[in-house]
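Remarks on the structure that follows.
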Amino acid sequence: MSTTAMTEVIELISAEASQLQDFLAGLHPEEWSRPSACAGWTVGDVVAHLTQGARTWSEAITRARAGDSNPPPGQPPLRPGERGSAATA
């Protein structure tokens, strides 16, 4: 991927994150416990899931950039074909 294309992707992600932040900041307290479009999950559950995923990826990318390809602390390495998100899903 070219530097220009990567810059565009980063700008798009930043804009989307800003819009999501604005939307979430506008939610009333009772809206966090309402059912979401995901069966069995509240709006708060979905936001927590997104936040956890973003933090996990951020930490993994930071470690990878430093040359560390090990799994996160306290987690065993994944076996071939195994998904790290299986427990959450």
Side-chain angles (χ1 to χ4, degrees):
M1 181 178 283
S2 72
T3 302
T4 302
M6 183 57 71
T7 300
E8 290 173 0
V9 169
I10 292 169
E11 288 172 357
L12 175 63
I13 291 169
S14 180
E16 291 289 331
S18 180
Q19 289 177 4
L20 178 59
Q21 182 179 14
D22 291 345
F23 172 78
L24 296 175
L27 290 177
H28 296 287
E30 65 275 2
E31 291 177 297
W32 288 90
S33 59
R34 288 190 179 157
S36 74
C38 303
W41 289 41
T42 66
V43 170
D45 293 333
V46 173
V47 173
H49 176 73
L50 291 173
T51 302
Q52 178 186 16
R55 183 175 345 139
T56 299
W57 277 106
S58 175
E59 291 169 358
I61 290 168
T62 299
R63 284 194 326 276
R65 291 191 71 215
D68 181 358
S69 61
N70 293 308
Q75 292 186 8
L78 296 176
R79 294 183 296 267
E82 188 176 19
R83 291 182 11 230
S85 62
T88 302

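Among residues two or more places apart in sequence or in another chain, the side-chain hydrogen bond (donor to acceptor under 3.5 Å, both in side chains) test is passed with Asp68 by Asn70. Thr42 meets the side-chain hydrogen bond (donor to acceptor under 3.5 Å, both in side chains) test with Asp45; sequence neighbours excluded.
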Which atom pairs, donor and acceptor, lie under 3.5 Å between side-chain atoms of residues 1-9 and protein residues at least two apart or in another chain?
from, atom 1, to, atom 2, distance (Å)
Ser2, OG, Ala5, N, 3.1
Thr7, OG1, Thr3, O, 2.8

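No side-chain donor-acceptor contact under 3.5 Å links Ser18 to the backbone of Ser14. The main-chain N or O of His28 is found under 3.5 Å from a side-chain atom of Glu31 such that the two form a donor-acceptor pair.
For Glu30, the CD atom counts as densely surrounded, since its 6.0 Å shell holds more than 12 non-hydrogen atoms of other residues, nucleotides or ligands.
Between atom CZ of residue Arg55 and atom CG of residue Leu50 there is a gap of 12.0 Å, rounded to the nearest 0.5 Å. With rounding to the nearest 0.5 Å, the separation of CG in Leu24 from OG1 in Thr51 is 8.0 Å.
Cys38 has its side chain out of reach of His49: every pair of non-hydrogen atoms, C-beta onward, lies at least 4.5 Å apart.
Cluster annotation: Val47 is connected to Phe23 through the hydrophobic network of ILVMFWY side chains, with a link wherever side-chain heavy atoms come within less than 4.5 Å.
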